[in-house]
Amino acid sequence: QVQLAESGGGSVQAGGSLRLSCAASGNTYSSVYMGWFRRAPGKEREGVASIDSDGSTRYADSVKGRFTISQDNAKSTLYLRMNSLKPEDTAMYYCAASTADWGLRLRLLAGTYNYWGQGTQVTVSS
């Protein structure tokens, strides 16, 4: 079992920055990769970024160059640094962990993750 708890969401003006954190507990060593997802009202859940245990990362095209995913293994914490935020980034953000390797092409697919946090809200105003 892996427990995940997000924090760091809030309200910010367009162009601003936020850093989300996700504290992992439990059997964290079973995680093969972790990711950040978001869901905006009326939209499908979207994969934002993922990171493997070796540090390799993947990003959705919509956030490339603006968002950075990182992890502190010593603290069992996952981060998402979000810069140059846009109103369309407004969503509930979730961190997730996968304990199986579904292949590199599926890192941003929600169905490959089996543990999820409760989410943290990010609101970007114009």
Side-chain angles (χ1 to χ4, degrees):
Q1 292 284 333
V2 178
Q3 293 79 42
L4 303 171
E6 304 93 337
S7 61
S11 297
V12 64
Q13 289 190 328
S17 299
L18 282 174
R19 189 181 78 160
L20 305 183
S21 299
C22 174
S25 60
N27 190 15
T28 58
Y29 292 102
S30 65
S31 295
V32 177
Y33 54 92
M34 298 187 71
W36 286 97
F37 290 78
R38 66 186 181 185
R39 175 173 280 167
K43 294 189 176 181
E44 295 291 323
R45 181 168 47 185
E46 175 189 19
V48 175
S50 71
I51 186 166
D52 282 27
S53 55
D54 65 359
S56 57
T57 59
R58 286 160 186 83
Y59 295 92
D61 288 342
S62 58
V63 305
K64 279 181 182 176
R66 300 189 298 121
F67 290 12
T68 302
I69 189 171
S70 62
Q71 59 189 4
D72 184 332
N73 290 328
K75 296 182 180 179
S76 296
T77 303
L78 181 72
Y79 301 100
L80 185 68
R81 177 68 180 180
M82 305 184 294
N83 296 327
S84 302
L85 282 162
K86 305 175 181 180
E88 51 264 42
D89 294 318
T90 295
M92 184 71 78
Y93 283 72
Y94 301 88
C95 69
S98 177
T99 57
D101 192 341
W102 293 83
L104 297 178
R105 292 187 176 184
L106 300 183
R107 289 295 194 259
L108 296 182
L109 183 64
T112 66
Y113 292 78
N114 50 337
Y115 293 102
W116 293 84
Q118 294 298 309
T120 186
Q121 177 68 37
V122 172
T123 302
V124 184
S125 58
S126 58

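Since the model is a prediction, treat every value here as computed from it, not as a measurement.
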Query - Flag for Glu88-Ser62: side-chain donor and acceptor within less than 3.5 Å - result: no
Requested in this report: Compare all side-chain heavy atoms of Leu4 with those of Leu78 and state whether any distance is below 4.5 angstrom.
Outcome: no
Query raised in the report: To the nearest 0.5 Å, what is the distance between OG (Ser98) and CE (Met34)?
Result: 10.0 Å
Query - 4.5 Å side-chain heavy-atom contact, Leu20 and Glu6 - result: no
Query raised in the report: Are Phe37 and Trp116 an aromatic pair by the rule of ring centers under 6.0 Å?
Result: yes
Query raised in the report: Taking Thr90 for the side chain and Val124 for the main chain, is one N or O donor matched with an acceptor at less than 3.5 Å?
Result: yes
Query - Over-ring placement of Arg45 relative to Tyr94, 6.0 Å and 45° cut-offs - result: no
Report summary line: d(Lys64 NZ, Arg58 CZ) to nearest 0.5 Å is 10.5 Å
Requested in this report: Determine whether Tyr59 and Thr68 make a side-chain contact, defined as any pair of heavy atoms from C-beta on separated by less than 4.5 Å.
Outcome: yes
Report task. Without swapping roles, check the side chain of Glu46 against the backbone of Arg38 for a donor-acceptor pair under 3.5 Å. Result -> no
**Report entry** Arg66 side-chain N/O to Ser84 backbone N/O, donor-acceptor pair under 3.5 Å
**Finding:** yes
Query raised in the report: Would you call Asp89 and Lys86 a salt bridge, taking side-chain N to carboxylate O under 4.0 Å as the test?
Result: no
Query raised in the report: Can you check whether Arg107's main-chain N or O pairs, donor with acceptor, with Tyr113's side chain at less than 3.5 Å?
Result: yes
**Report entry** Passing option when Leu18 is tested against Leu85, Thr120, Thr123 for side chain to side chain contact (heavy atoms under 4.5 Å, CB included)
**Finding:** Leu85
Query raised in the report: Between Asp52 and Asp54, is there a donor-acceptor pair closer than 3.5 Å when you use the side chain of the first and the backbone of the second?
Result: no
Query raised in the report: Thr112 side chain to Leu106 main-chain N or O, any donor-acceptor pair under 3.5 Å?
Result: yes
Report summary line: disulfide bond (SG atoms under 2.5 Å apart) pairs touching residues 31-126, sequence neighbours excluded, are Cys22-Cys95
Query - Backbone N/O of Thr99 and side chain of Asn114: donor-acceptor pair under 3.5 Å - result: yes
Report task. To the nearest 0.5 angstrom, please state how far the CH2 atom of Trp36 sits from the CD1 atom of Ile51. Result -> 12.0 Å
Query raised in the report: Under 4.5 Å between side-chain heavy atoms, hopping through other hydrophobics if needed: is there a path connecting Met92 to Val122?
Result: no
Query raised in the report: Taking a hydrophobic cluster as the set of Ile, Leu, Val, Met, Phe, Trp and Tyr residues connected by side-chain heavy atoms closer than 4.5 Å, whether directly or through intermediates, do Tyr93 and Tyr79 fall within one such cluster?
Result: no
